[in-house]
Peer 1: 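One structure follows; several queries about it will come next.
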Amino acid sequence: QKEVEQNSGPLSVPEGAIASLNCTYSDRGSQSFFWYRQYSGKSPELIMSIYSNGDKEDGRFTAQLNKASQYVSLLIRDSQPSDSATYLCAVLTGRRALTFGSGTRLQVQP
Amino acid sequence: DAGITQSPRYKITETGRQVTLMCHQTWSHSYMFWYRQDLGHGLRLIYYSAAADITDKGEVSDGYVVSRSKTENFPLTLESATRSQTSVYFCASRSGTSASYEQYFGPGTRLTVT
């Protein structure tokens, strides 16, 4: 079992819709969770961090964390073609480096 | 405000040659990391460093060497490059404080080993 799992996609949504990206993790002791966006040929860009159960909103993005279910998600409201990218879920275990999922490719159709 | 930079951005080298990838950050972050990204494997940790002169292996460290004599620099050396080390290499850094574990990436180095 991979430590951090994501559906590879592609997830295709129409412009203006809500995109829902999901991630599960295996280490129940994980405390910190992150979402990165990566455009093709570019480096990962941090878009959200979440440390506590519940929702965290930042503009059009909402991160949701459920530690009991070992599940973290990212909602993108009013999706735009510029949101088309690969979204990486990352988990910090202990105090060392992040463990990444393989990413979900999002396509927003104009 | 350069943040985190990597050099070179592109490199072609031959099998068996030694090559060093450079990483420099201007934030005075304690932690620095090297990842490689390959299709089908995502981002995998090669090495990390918690402070100057403190380094530790990640999951794919064989064939790589790091050093960290200064806080701002974290070079990665491939001692004898192999074709399997063809990849995109990302350096990253984060503050050492407990207030934030957010990690930031450099632009990457695309390495081809022929």
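Order of the sequence lines sets the chain letters (A, B, ...), proteins ahead of strands, with each chain counted from 1.
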Peer 1: Within residues 104-114 of chain B, which positions have a heavy-atom distance to chain A below 4.5 Å?
Peer 2: B:Tyr104, B:Phe105, B:Gly106, B:Pro107

Peer 1: Flag yes if more than 12 heavy atoms outside B:Ile12 fall under 6.0 Å of its CD1 atom; otherwise flag no.
Peer 2: no

Peer 1: Mind checking whether B:Tyr48 and A:Tyr36 sit in one hydrophobic cluster, side chains of I, L, V, M, F, W, Y counted as touching below 4.5 Å?
Peer 2: yes

Peer 1: Would A:Trp35 end up clustered with A:Phe61 when hydrophobic side chains under 4.5 Å apart are linked, directly or stepwise?
Peer 2: yes

Peer 1: Using the ring centroid of each side chain, check whether B:Tyr101 and A:Phe34 are separated by less than 6.0 Å.
Peer 2: no

Peer 1: Linking I/L/V/M/F/W/Y whenever their side-chain heavy atoms sit closer than 4.5 Å, directly or via other members, would A:Ile47 and A:Leu21 fall into one cluster?
Peer 2: yes

Peer 1: Linking I/L/V/M/F/W/Y whenever their side-chain heavy atoms sit closer than 4.5 Å, directly or via other members, would A:Val4 and A:Leu74 fall into one cluster?
Peer 2: yes

Peer 1: Side chain, backbone, both or neither: which part of A:Leu46 has a heavy atom under 4.5 Å from chain B?
Peer 2: side chain

Peer 1: Using 0.5 Å steps for rounding, measure from the OG atom of A:Ser43 to the CD1 atom of B:Ile4.
Peer 2: 9.0 Å

Peer 1: Could you tell me which portion of B:Leu43 (side chain, backbone, both or neither) has an atom closer than 4.5 angstrom to a non-hydrogen atom of chain A?
Peer 2: both

Peer 1: Is the count of non-hydrogen atoms from other residues, nucleotides or ligands lying under 6.0 Å from A:Arg77 atom CZ greater than 12?
Peer 2: yes

Peer 1: Using side-chain heavy atoms (C-beta onward) and a distance below 4.5 Å, is A:Leu98 in contact with B:Tyr35?
Peer 2: yes

Peer 1: To check you understand the geometry: which heavy-atom pair defines the closest contact between A:Lys42 and B:Phe90, and what is its length?
Peer 2: O-CZ, 3.8 Å

Peer 1: Report yes or no: do B:Met22 and B:Leu78 belong to one cluster of Ile/Leu/Val/Met/Phe/Trp/Tyr joined by side chain heavy-atom distances under 4.5 Å?
Peer 2: no

Peer 1: May I have the step-by-step check of side chain to side chain contact (heavy atoms under 4.5 Å, CB included) for B:Gln37 and A:Phe100, ending in yes or no?
Peer 2: CA-CA 11 Å; B:Gln37 188 173 38; A:Phe100 286 83; over 6 Å; no

Peer 1: Of the non-hydrogen atoms in A:Ala97 and B:Gln103, which two are nearest, and what is the gap between them?
Peer 2: CA-OE1, 4.4 Å

Peer 1: For residues 55-62 of chain B, please give each side-chain donor-acceptor pair under 3.5 Å, one per line with the distance, not counting sequence neighbours.
Peer 2:
none

Peer 1: At a heavy-atom separation under 4.5 Å, does A:Glu45 approach chain B through its side chain, its backbone, both, or neither?
Peer 2: neither

